[in-house]
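Heads up, the thing below is written out as structure tokens.
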Amino acid sequence: MREQLDEIFTRYQEQKGVTIQILKEIQEEFGYLPEEALEEAARFLGLSKNDIFGVATFYEYFRLAPQAKHRVKLCLGTVCYVMGCDAVREELEGQLGIKIGERTADGEFCLERLPCFGTCEAAPMIEIDGESFKNLTPEQIREILAQRRS
Amino acid sequence: MTFEEMRTRAKAAWEARQKQEIPTIIVGMGSCGIVAGAKKVLAAIHQELQRRQIAATVTQVGCIGLCYAEVLVDIAKPGRPRISYGRVTPEIVPQLIEDYIIKDNPRPDLALGVMAESGIDGVPAYKDLAFFKSQLRATLANCGLIDPESIDDYLANDGYSAFARSLKTMSPAEVIDTAKRSGLRGCGGAAFPAGLKWEFCQRSPGEEKYLLANADEGNPGTFKDRLIMEGDPHRLVEGMLIAAYAVGAPYGYIYVRDEYPLARKRLELAIEQAESYGLLGDNILDSGFSFHLGIKEGAGSYVCGEEMALIASVEGRRGMPRPRPPFPAQAGAWQKPTNVNNVETLANVPAILSRGWEWYSGIGTEKSNGTRIICFSGRVKRSGAIEVPFGLTLRELIFDIAGIAEGSTFKAVQVGGPSADLLPIDKLDVPLDFDAMTQAGTSMGSGGLVVIDEKTCMVDLARFLLHFNRDESCGKCVPCRMGTQRMVDLLEAIIQGQGKPEDIVRLEQLSETMRVGSLCGHGQVAFNPVLSTIRHFREEYETHIRDKRCPAGVCKALIS
């Protein structure tokens, strides 16, 4: 881990306001923010552990525990609501057996809230592993999840 | 190479492309197009051209605003005006190429519009389309027409000319004066006069100043800044150069929300290109003026669209606002003089400097000058973005331009963000004008219109919006943190059939506490969807509370 972190840190020497960027790179590298990595980042940035945990827990993007294999991001913006995302959410929660913010026991899926992708024509919308699915109905959810599983 | 030389070279290349003897196929590659499948359509086009051995230029553009008709593919045959085709799928591509490129059938059944003075062969002219009739595209002039990944396309269309001329022939004070006289007001929601804000920052002493572009665009239903950044990123860069020159800021950042990866990518490329052309960096165009521009990324926080929270986030801290004064112009990022402007505000600037403040102030209404980009979404026929002068009414915008979706009856519209008013049908005659809207007790916010139909329960919608505002509260102030939670609790009880008669009063009292007790613009308006729906849809609340019934048939607990 030390080497990977040093590789990230060297690119941010002498720069200001880079905490979020560094944490994003750490999460990209390890899939989440391991506690040890956060401590190292705090040391590099001259921050307290409290400060760095404060940033890591403030922003929706960061994960402090290993993520699931497939991240299902559901848009919970106004337009998606108006176009029926509540029914999509219920179907997702029902199919996966988890609520928003949780991970399935087998580590396959986690369900996350995303407040607005900004492509409101596509409402209701989800993104799984970077792939977007637009104008969703609950009926389509089963098929989409099945494809991911296989 | 001097600026004139790069401009001339770029123009020559552009002209040559317009005159080429082979067709050009243009694919809309904004995020909305990509979500609709534009990459697959692009691949199908390449495949078909290859299969048939047709020589054609294939280019990409940003979104022209016709999000309802994605995927958009335009075909410009030599000597013919450009025709736009909507809802193109990979399956349609082979036939379309055969019909219009090989043969001469422009497929009026598939065509949306032609970029010409009048319609051709059954295809209407763009300017006659409902969506385009009232548009005045200045900020969006290039979106959908140029390749956003080409600085030469931007240069060829007068890009960076306004900056180059301002740098050479105007002082910072004169640039500020132009901005002030134009009447340009902020497009993020607060609508503060831009020139005046620049002046505050310019007057602050010190060499280390920052110009920040607010590209956090967290309001659901608003995607205008995304359109600009994906479709014409150099326009934002140029606007920032002019603003930085005016305020005296050698450093700038564009704070881009995490949810906009394509915008970030195009901006990074634009910055790299501008640097390589000597338009960013030290001693730009030999003027002595330096401006170093970078990108700071958000990480999923709505409240970071508020300028003080944004500054904290740029500094790498928790996105929590702090009291003002001191204002950013005196002490902002790292306690240095800072000017924060919305992306659209900055993107307006090149045209104002290029065409003059008289041109800009002559558009719109007396007190609301210029144009605004309005986004439509929800239960509309045509969702997307348009750029119109101030002055059109909400009724015209919603019913004439966007239209109501088939099978929907208009119930309400939310204008400008999750804390904006929810206006019923009899409140739509207010024009897009800051003063008129204030007088009508409402506001424009970020200009995103979310149209709601009879299938939505206004109480449940208020609950949803308060959930959002609660989730996005930074937590610093008790009135906002606890107030939004209490309001969510009360609304949840109401939709579960456990509402009490005194709940409406309690919601109103909580709203007042939040309004006076919250530090920043989030808490100060987060209760508004509730107040607004109580004001305009009170009988829905009363039916839920008194009769334990949901008139819209949405609240499951109340459907027996």
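Below, chains carry the letters A, B, ... as their sequence lines are ordered, and counting in each starts from 1.
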State plainly whether the residues [X] and [Y] are in salt-bridge range, i.e. N to O under 4.0 Å.
| X | Y | value |
| --- | --- | --- |
| B:Arg382 | A:Glu121 | no |
| A:Arg113 | B:Glu472 | yes |
| B:Arg317 | A:Asp51 | no |

**Report entry** Smallest separation among heavy atoms of B:Phe464 and A:Gly77, with atom names
**Finding:**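 Scanning both residues completely, I find the closest heavy atoms to be CE2-O, 3.6 Å.
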
So, [X] side chain and [Y] main chain: donor-acceptor pair closer than 3.5 Å or not?
| X | Y | result |
| --- | --- | --- |
| B:Arg379 | A:Val82 | yes |
| B:Arg318 | A:Val55 | no |
| A:Lys16 | B:Gly316 | no |

Query raised in the report: Among B:Arg257, B:Lys455, B:Glu217, which residue forms the greatest number of heavy-atom pairs with chain A at distances under 4.5 Å?
Result: B:Arg257

**Report entry** Partner chain A: residue of B:Glu70, B:Glu259, B:Glu297 with the largest heavy-atom pair count (under 4.5 Å)
**Finding:**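 Winner by heavy-atom pair count: B:Glu297.
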
Query raised in the report: For B:Tyr253, what residues pass the side-chain hydrogen bond (donor to acceptor under 3.5 Å, both in side chains) criterion, not counting sequence neighbours?
Result: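 side-chain hydrogen bond (donor to acceptor under 3.5 Å, both in side chains) check on B:Tyr253 returns nothing, list empty.
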
Query raised in the report: At a heavy-atom separation under 4.5 Å, does B:Cys304 approach chain A through its side chain, its backbone, both, or neither?
Result: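 Just its side chain gets close to chain A.
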
Query raised in the report: What part of B:Val35 lies closer than 4.5 angstrom to a heavy atom of chain A: side chain, backbone, both or neither?
Result: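 The answer is both parts of B:Val35.
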
**Report entry** Interatomic distance, B:Leu461 atom CG to A:Thr78 atom OG1 [nearest 0.5 angstrom]
**Finding:** 7.5 Å

Query raised in the report: Is a side-chain donor-acceptor pair under 3.5 Å present for A:Tyr81 with B:Asp460?
Result: yes

